[in-house]
Structure formats: C-alpha cells, structure tokens
Protein chains: 2
Amino acid sequence: MTEARQPQSSIARPPRVTKRRAETRQRLLDAALEVFAEEGFGRASVEDVCTRAGYTRGAFYSNFASLDELFLAMWEQRTEALLRAAGEALNEAAHRPIRSLEDGIDRFLEVVAVDDRWYRIEAEFTAHALRTPGLRGVMAEREARIAGLVLPYLERALGHVGRRVVDREAFAAALVAVHDGTAVQCLVEPDAPLAHQRRRTLFLAVVECYTEADPDA
Amino acid sequence: MTEARQPQSSIARPPRVTKRRAETRQRLLDAALEVFAEEGFGRASVEDVCTRAGYTRGAFYSNFASLDELFLAMWEQRTEALLRAAGEALNEAAHRPIRSLEDGIDRFLEVVAVDDRWYRIEAEFTAHALRTPGLRGVMAEREARIAGLVLPYLERALGHVGRRVVDREAFAAALVAVHDGTAVQCLVEPDAPLAHQRRRTLFLAVVECYTEADPDA
DNA sequence: CGGTCACGATACAGAAACGTATCAGATACA
DNA sequence: TGTATCTGATACGTTTCTGTATCGTGACCG
C-alpha cells in the first residue's frame with residue numbers, strides 16, 4: 001500500500017543503495033513472523049520486532065510505514081513462497097503415478113502439512129482481515145491462487161484413478177475450507193494423531209463427493 | 001481463573017451488594033464483545049472497554065483482573081448462550097418431520113447461521129487460544145459440547161430419511177471443521193450467496209459421507 | 001431510617017510505545 | 001579515491017495505557 005520513505009523530490013527516482021537495505025528489510029520481515037506468532041499481531045509492538053531483528057526503530061520506519069504494512073508484506077511473501085514450494089512439490093508428485101485415491105490424498109497432505117508457527121500467523125491474519133475490509137480481497141485472491149495451483153494436480157491425479165471433478169470452483173473452495181478448519185483442530189486437539197487421521201478422512205470424503213467416475217477413463 | 005477483588009479477611013465472605021455489581025459486570029462483558037470485534041482483542045485497551053460500557057477503569061479492576069480474564073468470561077458466556085439457543089432451536093426443529101436430507105441440512109443451517117460480529121470474536125479467540133496453551137482445553141471442550149448438542153438432533157433427523165451415522169466422533173469433528181472453515185469464506189467472499197450455497201453443499205457432502213443407509217429402517 | 005460497607009470514580013505515578021528530526025557512518029558510483 | 005547519497009542509530013517530546021491507592025456515594029440490611 002503506502003510505501004515508506006517517499007522520494008524527497010517531486011520526481012520519483014529509483015533508490016541508489018539496494019543491498020544493505022534489502023537485507024535489513026528481510027530481517028525485519030523474518031522477525032515479524034516470529035514475534036507475531038508468539039505475541040500475536042495485536043500485542044506486538046514496533047519495538048518488539050526491531051529488537052528481535054537486531055535493529056532500532058529507525059530501521060523500521062525507514063522501511064515500513066506501519067506494523068500493518070509489515071504484517072501484510074510478511075504474509076504475502078511467506079504465502080508466495082509456500083505456494084511456490086507447494087507447486088513444485090505437487091508437480092514432482094504428479095509425475096509418479098498413484099495407485100489409489102488414498103495414495104493421492106496422502107501425498108497431497110504431505111505437501112499441505114500443518115506448520116504450527118505458520119498456522120498461528122494464518123489465524124492472526126484471518127482475524128485481522130475480518131475487521132479490515134481492504135484485506136478481504138487479499139484473502140479471496142489467496143483462495144483463488146490455491147485453487148489454480150492445486151486443481152491441476154488433483155485433476156491429473158484423479159484421472160489416474162478414473163475420476164473427474166464435477167464443479168471445479170466449488171471443489172477448490174471446499175478443500176480450502178476443510179484445510180483451514182481441520183488445521184485448527186490439529187493444533188488444538190490433545191490427541192494430534194487422531195486429528196490428523198480425521199483430517200485425512202475428511203479430505204477423502206470431500207474428494208469423493210466432489211468427483212464422479214469418468215466415463216472416458 | 002483468578003477472581004478479582006479477593007475478600008479482605010482471611011475468611012471468605014459472600015458479597016453483600018449484588019445487583020449493581022452484576023449489572024456493571026454484564027455491561028462490561030457486552031462492551032467487550034463490541035470492542036474486541038471492532039478493534040481486535042490485541043489492540044483493545046482496558047480503557048476502550050470501560051469507555052464503551054460507560055464506566056471508568058475503577059469499575060473494571062473491581063470486576064476483572066485482566067483483559068484476558070474478561071475476554072474468556074465474555075466468550076464463555078456468549079458460547080453458553082449460543083449453545084443453549086441452538087439446542088432449543090434444534091429440539092424444536094426435530095419435532096417437525098423432515099422430508100429429505102437437504103431439508104434437514106437447511107434447517108440445521110438456519111440454526112448455525114453465520115453472524116458477522118460473533119465470528120470475528122471467534123477468529124480472535126482462535127488466534128488467542130493458539131498461542132495460549134491453557135485455552136486449548138477450552139476450545140476442545142467447546143467442540144465436545146457442540147458434538148453432544150448437535151449429534152442427537154442429526155441422528156434423529158437422519159433416522160427420518162433412513163440413514164445412520166457411522167463414526168459419531170469423527171462426524172462431529174468434521175462438522176465443526178466445515179462450519180469454521182466455511183464461515184470465514186462466507187464473510188470474506190464478495191459473492192456471499194455463492195459462499196452460502198457452497199457451504200450448504202459441503203455440509204450435505206459431509207453428511208452423506210459420514211452416514212450409511214440404515215438396514216433397520 | 002440510620003449505619004455500614006461495597007462499588008466505582010478520581011487522582012497519581014510509572015512504563016511503554018509512537019513518530020519525527022537529526023546525524024554519523026556506510027555505500028555506490030564516477 | 002572522492003563524494004554525493006542513502007541508511008539506520010540516537011535523542012526527544014508526546015501520547016496512551018497500566019495498576020494502585022484513596023475516597024465519596026449509594027445500596028443493602030437490620
């Protein structure tokens with residue numbers, strides 16, 4: 001949104017120094033992840049993030065305009081990286097043929113495995129987005145990107161077992177909802193293996209209900 | 001947890017004045033809901049809540065030990081009320097016979113309709129609980145209570161259409177996961193009717209996958 | 001109806017955080 | 001290497017919040 005340290009002259013000019021700046025910016029982003037996961041977004045202060053990153057507030061205000069901006073930037077960067085990694089993993093997985101639906105689901109679950117710290121960030125971001133109208137579009141876009149990433153893999157995998165997706169959009173939305181909903185349970189449930197087991201079962205159920213036998217297979 | 005305003009004498013004595021105290025306490029609880037929904041739990045201050053409720057901090061510290069305590073008390077009170085209302089609505093609904101699975105789902109969805117403001121509180125609480133170990137048990141208990149409340153209704157309703165639940169625990173967990181996951185989508189999605197439509201479809205899918213035709217029917 | 005004590009308002013001191021203005025040192029480029 | 005520019009540290013004033021201590025008022029009870 002708002003970029004920190006606007007150009008002094010009325011004419012926009014590209015910054016001259018880049019390397020050092022990029023590094024501090026990145027360290028602040030990394031520190032933000034840790035601090036927000038531990039303290040929560042609302043309870044974290046600019047000072048907290050700076051201390052964790054090993055800087056003072058001068059560095060912060062030189063790179064970001066507000067905590068909100070830092071949070072959004074961090075979330076987008078990490079989401080980007082996760083989606084990229086997931087895409088590669090799925091592509092790699094798609095090359096190996098799968099034997100059964102369960103087999104495909106298991107591989108899929110390996111890719112979207114629940115990461116404790118990151119899911120706390122997701123929860124913080126969800127809460128934050130729900131009361132920040134401007135962020136709803138960002139969340140909706142995330143869902144669309146996930147759909148675009150996951151659907152091709154799943155459709156190919158499903159083709160191997162003779163099934164095809166009925167309603168692609170609805171299927172993708174259902175997967176995201178089930179992922180988010182079960183992730184919380186996996187973190188809260190005292191009996192973690194049980195929660196993961198149920199997660200798997202639910203994914204399987206969704207896949208079965210949103211697909212049908214492919215007559216062309 | 002910690003109770004505010006411990007008795008001065010070593011011998012516990014029941015408070016003499018009750019009515020006024022109960023009223024201010026309730027107003028603080030109500031104000032907390034509004035403030036936390038708007039500002040977020042982490043960004044809200046004791047002062048914010050007091051101002052909204054029409055009191056000063058003196059009243060607050062006389063009734064609660066911390067914002068955390070207030071948040072938990074408010075959440076538990078509202079959850080209690082919601083569960084009670086849902087229970088009554090379900091009981092009432094169960095008396096009318098249902099014609100089809102879709103019919104039953106629709107009635108069920110009327111009861112668990114997504115309330116914008118309340119779901120923001122849920123999101124705040126989820127994020128808060130994920131980084132507060134002591135609250136995980138509270139969330140797990142909530143799930144158990146929901147299961148105990150919803151399952152009897154659903155089983156009776158399913159009986160009417162000749163189906164029975166296979167794995168009750170897993171079924172209940174799946175319903176909670178789907179509810180939570182789709183609720184966010186309903187609030188974020190620009191096309192709200194579509195999101196609700198998908199929500200309905202997903203619930204239906206879960207019911208179908210976690211039940212089977214009842215041979216005794 | 002009068003006495004008593006609980007309740008919440010007020011005042012206070014300290015801490016924490018914010019955002020800015022300034023400056024010394026680092027960095028890129030000629 | 002010189003120098004213009006950028007970058008992050010430092011210092012500062014302000015605001016906001018916290019928690020406690022104290023006190024007046026009003027509600028309850030005999």
- [ ] Scan B/E47 against the nucleic acid and name what it touches under 4.0 Å (heavy atoms): base, sugar-phosphate only, or nothing.
- [x] base
Task: Phosphate contact (D/dT7 OP1 or OP2) by A/R21 side-chain N/O below 4.0 Å - done: yes
Open item on the list: Using whole Å, what does the distance between atom P of nucleotide D/dC17 and atom CZ of B/F41 come to?
Closed with: 15 Å
Task: Note: B/E23-B/R27 ion pair, threshold 4.0 Å (strictly below) - done: yes
TODO: From the options B/R25, B/R78, B/R117, select the one residue that forms a salt bridge (charged side-chain N to carboxylate O under 4.0 Å, His left out) with B/D30.
DONE: B/R78
Task: Whole-Å distance separating the CG atom of B/D68 from the P atom of D/dG19 - done: 10 Å
- [ ] Would you mind reading off the distance between B/F60 atom CZ and C/dC7 atom C1', rounded to a whole angstrom?
- [x] 16 Å
Task: Minimum-distance nucleotide to A/T56 side chain [options: D/dT7, D/dA9, C/dC18] - done: D/dA9
Open item on the list: The side chain of A/A59 is closest to which nucleotide in this list: C/dA28, D/dG8, D/dC17?
Closed with: D/dG8
Task: Ring-face cation contact, A/F171 with B/R198, 6.0 Å cut, 45° max - done: no
TODO: Tell me which nucleotide among C/dC7, D/dT18, D/dG8 gets nearest to the side chain of B/L67.
DONE: D/dT18
Task: salt_bridge(B/R52, B/D48) N-O dist < 4.0 Å - done: no
- [ ] For the side chain of A/Y55, starting at C-beta, report the closest nucleotide among D/dA9, D/dT18, C/dG8.
- [x] D/dA9
Task: Candidate nucleotides D/dC17, D/dA11, D/dT7, ranked by approach to the side chain of A/R57 - the nearest - done: D/dA11
TODO: Quickly work out the A/K19 NZ to D/dG8 P distance and round it to whole Å.
DONE: 13 Å
Task: Phosphate-side-chain proximity, B/N63 and C/dG8, N/O vs OP1/OP2 below 4.0 Å - done: yes
Task: Integer-rounded Å distance: D/dC6 C1' and A/R20 CZ - done: 8 Å
- [ ] May I ask you to verify if any side-chain N or O of B/S45 is less than 4.0 angstrom from the OP1 or OP2 atom of D/dC17?
- [x] yes
TODO: Among D/dC17, C/dA26, C/dT20, find the nucleotide with the atom closest to the side chain of B/D48.
DONE: D/dC17
TODO: Would you mind reading off the distance between A/E69 atom CD and C/dC18 atom C1', rounded to a whole angstrom?
DONE: 16 Å
Task: Charged tip of B/R43 within 45° of A/F41 ring normal and under 6.0 Å - done: yes
Open item on the list: Rounding to an integer number of Å, can you tell me how far A/Q26 CD sits from D/dT7 P?
Closed with: 16 Å
- [ ] Give the rounded distance in Å between these two atoms: OH of B/Y61 and P of D/dA21.
- [x] 13 Å
